[in-house]
Structure formats: C-alpha cells, structure tokens
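A short worksheet on the structure shown next.
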Amino acid sequence: MADTEKKSLFSAVQPSGAVTIGNYIGAIRNFAKLQDEFNCIYAVADLHAITVRQEAAVLRRNTLELMALFIACGIDPAKSVLFVQSHVPAHCELTWVLNTIAYPGELSRMTQFKDKSARHADNVNMGLMDYPVLMASDILLYQAALVPVGADQKQHLELTRDLAIRFNNRYGQTFTVPDGYILKDSGARVMSLADPSKKMSKSDENPNGFVTMGDDKDTVIRKFKRAVTDSDADIRYDPEHKPGISNLLTIYHAFTGKSIPEAEAEFAGKGYGEFKIAVGEAVADALAPIQAEKARLLADKAYLGEVMKKGAEQAFRISRKTLSKVYRKVGFLAGE
Ligand code: ATP
Ligand code: LTN
C-alpha cells in the first residue's frame with residue numbers, strides 16, 4: 001500500500017521510570033507489528049512525565065533509554081516516525097487551544113487524575129489535571145485514526161474523541177476522530193504479581209509487583225516464584241476465580257506466542273512452582289535479546305542523536321500542518 005493511502009497511528013510512553021512487562025505487553029510489543037499497515041508515529045512523552053516530580057538528570061537518562069528500548073523492541077526509525085515529545089513545540093501549542101474547549105469538570109473526573117492526585121498529594125499541579133488535553137494534542141496533531149494503548153488509557157481516549165468532535169463542530173472539520181486499538185484479551189491489563197487485583201505499575205512501591213524490561217534472569221525468576229496465586233492446584237485460565245494464575249498464563253502467552261489452551265495443556269497436572277519457574281524463564285529468555293540490543297544502542301549516542309533529530313523534523317512537519325489549520329480556524333492572523 002502506498003504511504004499516502006495508509007491510516008496514521010500514534011502512541012507514546014512516558015519516560016517516568018523503568019518500563020514494565022505490562023507496558024510491553026499492553027502497548028510497546030504491538031508498536032512494531034503495526035508498522036507496515038499504518039503510518040506510525042511514536043513518541044517518548046517527556047512533557048507528560050513532568051506532571052509528577054522528576055529529577056532532571058534521571059529524566060534525561062530515562063528519555064534516552066526509552067528511545068533505545070523502542071528501537072530494541074522493533075520500532076524501525078526508517079519505517080516509523082520516532083521522536084521526543086518536547087522536541088516538537090506544536091504539542092504544547094495545540095494544548096493551549098484545546099484547553100479553551102476542555103472543562104475542568106471533565107478533567108477532574110478522570111480516574112488517573114484522581115489516582116495520581118491521591119498518590120502525589122503534595123504535588124497536585126495543573127499539569128496533572130491537564131495531562132489528557134496534552135495527550136489529545138499528541139494524537140490529534142497527527143490526524144491519527146488509531147491509538148494502540150493499554151486498557152487504562154481508554155478514558156483518556158474517550159476525552160480525546162470528545163475534544164476532537166467538539167472542535168470540529170465549533171470550527172468545522174479539522175481533526176480525525178481516533179479509535180483506540182486496545183487488545184481484546186487480558187494483555188490489555190497485565191496485573192501486579194504481588195496483588196493480582198491491581199494493574200501492574202512501575203510506580204508500585206512493592207518492586208515484587210512488577211517485572212521491568214531491564215530485570216536480569218535471576219530477578220525475573222525470583223519475582224515470578226513469589227507471584228501471588230491461589231491455594232487451588234490447577235493451572236487454568238479463569239480471571240475471576242484465579243486472577244494470579246490467569247495473569248501468569250497471559251504473560252506466558254505474550255512472551256512465548258503459545259495460546260492459553262496450549263499453555264494450560266502444557267502444564268496440566270504440574271505444580272504451581274514448576275509453572276512459575278517456566279513463566280519466569282520464558283520472560284527472561286525473551287527479554288535477553290532486547291536488553292542486549294538496547295545496551296548496544298545506548299553505547300551509540302551518535303546514532304540515537306540522529307534518530308531523534310530526524311524524528312523531530314518529520315514530526316515537526318506533520319504537526320505544523322495541523323496546527324496551522326487550527327490557528328486559521330480559530331481566527332489567528334497569519335504571521336508570515
Ligand atoms: P504508571 O504505571 O506509573 O501509572 P503507566 O505505565 O501506566 O504509568 P505509561 O508508561 O505512559 O504509564 O504507559 C505506557 C503504555 O503502557 C500505555 O499504553 C498504557 O496503557 C500501557 N500499560 C501500562 N500499564 C499496563 C498494564 N499493567 N497492562 C497493560 N498495559 C499497560
Ligand atoms: N498517557 C499515556 C502516554 C501517552 C500517550 C499519548 C498514549 C502520552 N501521550 C498519546 C497514546 C497516545 C500513558 O500511557 N500513560
């Protein structure tokens with residue numbers, strides 16, 4: 001298919017800490033797979049990351065690491081636009097305009113805002129509340145038709161659609177109204193290993209709840225061995241009654257490509273201990289080549305620099321086009 005006939009797709013991940021296998025399964029893993037079918041645009045969302053307090057040097061490091069991880073996970077900068085959000089000014093510029101059609105009531109109702117306000121009670125800032133408007137700007141600037149994300153981002157996508165429709169109604173057709181691309185299976189919401197009723201989150205204070213993309217084999221296996229399960233004995237997919245075991249089956253499926261029934265058959269009659277080690281080994285074996293490639297890329301700063309520069313230029317061009325249209329529609333006088 002010619003590039004001009006392909007639909008556009010946008011997604012981003014925040015460089016706000018170690019990336020977990022939840023982020024990988026629910027989002028990043030799918031990014032590479034979509035590259036041939038869509039015009040893909042992927043960003044490292046550093047503007048979003050500062051809505052919670054970040055150490056400057058750590059944020060810089062995490063941004064570079066996430067760039068390298070994206071490429072190590074198969075995003076090809078020759079096929080997709082890959083850039084750092086703060087390198088492209090249109091994201092903040094469109095956010096300002098969209099702020100004028102977004103209501104405090106709808107923003108303060110967002111689950112993530114409520115959760116993060118509770119978790120960071122000492123720093124409930126305007127950026128935290130405005131987070132979804134910046135996310136809407138990310139998506140709408142590229143006229144993205146699809147947005148691959150985990151299930152936790154569904155509410156933000158709904159808001160993005162609402163803002164696009166509201167703007168289009170007020171000012172005339174300007175934005176593509178995007179759809180979420182959320183996995184149909186349980187991979188859209190990988191649960192904590194320490195508490196399978198909670199989503200796996202990199203900001204969990206219990207490090208046994210999550211496995212990061214950088215964990216070494218021993219750590220990965222140790223975390224899986226400790227994973228909370230039930231007192232039953234069979235390895236069966238039943239998220240309602242057996243959330244822990246079902247979560248492990250989901251992870252095993254994602255990292256081995258084996259279907260859930262295949263995995264159930266493989267472990268029929270076997271104990272939880274054996275199963276947990278097998279899941280840990282499968283995850284560690286799949287992570288090893290990604291870790292090696294990421295390390296290789298991080299050692300080549302010149303290459304990463306070129307990728308970021310080229311990505312920012314491409315993103316700049318696409319986003320300017322939309323922003324100019326928006327500025328015209330709202331009545332800003334052309335500046336040049
Ligand atoms: P935090 O966990 O600290 O709240 P986050 O991991 O949700 O942060 P991002 O790093 O921006 O925030 O998430 C990147 C992508 O990973 C998003 O598409 C998000 O929906 C997805 N994601 C996050 N956690 C999970 C999970 N447990 N299962 C599946 N997908 C997830
Ligand atoms: N809020 C997202 C990260 C993000 C994003 C985006 C995802 C920022 N901008 C645009 C999709 C499209 C999160 O996962 N926490």
Side-chain angles (χ1 to χ4, degrees), residues 8-31 34 40-52 54 62-63 65-66 69-70 73 83-86 88 91-92 94-95 110-120 127-128 130-142 144-161 163 178-206 209-213 247 250-251 254 315 319:
S8 293
L9 173 155
F10 185 95
S11 197
V13 176
Q14 303 182 78
S16 52
V19 175
T20 69
I21 59 168
N23 300 135
Y24 178 72
I25 295 173
I28 303 171
R29 177 174 61 118
N30 310 304
F31 292 177
L34 295 159
C40 293
I41 300 129
Y42 297 120
V44 176
D46 55 349
L47 296 170
H48 278 101
I50 63 164
T51 56
V52 303
Q54 303 286 338
N62 283 341
T63 302
E65 291 224 3
L66 187 50
L69 181 67
F70 272 167
C73 290
F83 71 104
V84 176
Q85 190 187 27
S86 67
V88 181
H91 294 251
C92 292
L94 181 58
T95 299
M110 294 284 122
T111 308
Q112 184 183 291
F113 172 67
K114 290 194 274 189
D115 285 353
K116 290 204 175 168
S117 302
R119 264 194 284 142
H120 306 275
L128 198 56
D130 210 27
Y131 181 112
V133 180
L134 177 60
M135 179 163 159
S137 301
D138 294 344
I139 297 165
L140 300 179
L141 278 172
Y142 300 92
L146 275 186
V147 185
V149 280
D152 61 318
Q153 295 299 312
K154 216 169 163 178
Q155 208 182 24
H156 290 162
L157 275 180
E158 269 313 308
L159 184 86
T160 301
R161 290 171 56 87
L163 291 176
D179 283 312
Y181 182 100
I182 299 173
L183 294 176
K184 294 278 177 293
D185 62 28
S186 48
R189 193 173 164 81
V190 176
M191 309 312 277
S192 159
L193 298 185
D195 176 358
S197 68
K198 279 196 335 200
K199 156 189 122 134
M200 181 180 287
S201 166
K202 59 188 159 208
S203 41
D204 195 333
E205 64 277 4
N206 180 359
F210 57 84
V211 170
T212 79
M213 295 299 288
N247 192 39
T250 298
I251 295 171
S319 60

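For ligands, and for the atoms within them, numbers begin at 1 and follow the listed sequence.
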Nearest neighbour in protein (non-hydrogen) for [atom]:
atom                    : value
atom 24 (N) of ligand 1 : Lys199 NZ, 3.3 Å
atom 10 (C) of ligand 2 : Phe10 CE2, 3.4 Å
atom 31 (C) of ligand 1 : Gly22 O, 3.5 Å
atom 9 (N) of ligand 2  : Asp138 OD2, 2.6 Å
atom 13 (O) of ligand 1 : Asn23 ND2, 3.5 Å
atom 12 (O) of ligand 1 : Gln14 NE2, 3.6 Å
atom 15 (N) of ligand 2 : Tyr131 OH, 2.9 Å
atom 2 (O) of ligand 1  : Ser201 OG, 2.8 Å
atom 20 (O) of ligand 1 : Asp152 OD1, 2.4 Å

Using side-chain heavy atoms (C-beta onward) and a distance below 4.5 Å, is [X] in contact with [Y]?
X      : Y      : value
Phe31  : Ser11  : yes
Thr212 : Val19  : no
Met191 : Met200 : no
Leu34  : Pro148 : yes
Arg119 : Ser203 : yes
Leu134 : Leu94  : no
Pro178 : Thr160 : yes
Val190 : Ile251 : yes

On a heavy-atom basis, which atom in [X] and which in [Y] lie closest, and how many Å separate them?
X      : Y      : answer
Gln54  : Ser16  : NE2-CB, 3.7 Å
Leu183 : Ala188 : O-CB, 3.5 Å
Gln155 : Gln112 : OE1-N, 4.4 Å
Met135 : His48  : N-NE2, 3.3 Å

At a non-hydrogen distance cut-off of under 4.0 Å, which region of [X] contacts ligand 2 (side chain, backbone, both, or neither)?
X      : value
Asp152 : neither
Leu134 : neither
Gln153 : side chain

Go through ligand 2 atom by atom and flag the ones less than 4.0 Å from a non-hydrogen atom of [X].
X      : result
Val149 : 7 (C), 11 (C)
Gln14  : 15 (N)
Val147 : 11 (C), 12 (C)

Considering only heavy atoms of [X], which atoms of ligand 1 have at least one such atom less than 4.0 Å away?
X      : answer
Gln153 : 20 (O)
Ala188 : 28 (N), 29 (C), 30 (N)
Ala27  : 15 (C), 16 (O), 18 (O)

field: Options Val190, Thr250, Leu157, ranked by nearest heavy atom to atom 26 (C) of ligand 1, top entry
entry: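 Result: the heavy atom closest to atom 26 (C) of ligand 1 is in Val190.
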
Closest to atom 5 (C) of ligand 2 among Ala12, Pro178, Ala45 (heavy-atom distance):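 It is Ala12 whose heavy atom sits nearest to atom 5 (C) of ligand 2.
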
Distance-only N or O hit between ligand 1 and [X], under 3.5 Å:
X      : value
Val13  : no
Lys116 : no
Gly150 : yes
Arg119 : no
Ser203 : yes
Gly187 : no
Val149 : no

query: Parallel under 30°, tilted from 30 to 60°, perpendicular over 60°: which one fits the rings of Tyr142 and Phe10?
result: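 Ring orientation, 0 to 90° scale: parallel.
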
message: Tell me whether the rings of Phe70 and Tyr42 are parallel (<30°), tilted (30 to 60°) or perpendicular (>60°).
response: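 Because their plane-to-plane angle lies in the 30° to 60° range, the rings of Phe70 and Tyr42 count as tilted.
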
- request: Of the side chain and backbone of Lys202, name the one, both, or neither that has a heavy atom under 4.0 Å from an atom of ligand 1.
  value: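 Answer for Lys202: both.
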
message: Yes or no: does Ile25 have any heavy atom under 4.0 Å from an atom of ligand 1?
response: no

message: Taking a cutoff of less than 4.0 Å between a non-hydrogen atom of the residue and any ligand atom, is Ser192 in contact with ligand 1?
response: no

- prompt: Under the salt bridge (Lys or Arg N to Asp or Glu O under 4.0 Å) rule, what pairs show up with a residue in residues 182-198, not counting sequence neighbours?
  reply: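 Passing the test, one end in residues 182-198: Lys198-Asp204.
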
- prompt: Would the His156 and Phe113 ring centres measure less than 6.0 Å apart?
  reply: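 When the ring centroids of His156 and Phe113 are compared, they turn out to be at least 6.0 Å apart.
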
query: If you measure from CD on Gln85 to OG on Ser137, what distance do you get to the nearest 0.5 Å?
result: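 It is 9.0 Å, given to the nearest 0.5 Å.
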
field: N or O pair under 3.5 Å between Gln85 and ligand 2
entry: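 N/O-N/O distance below 3.5 Å does not exist for this pair.
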
message: Between Thr63 and Asp46, do the side chains contain a donor N or O and an acceptor N or O under 3.5 Å apart?
response: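 Judged by distance alone, the side chains do not pair up.
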
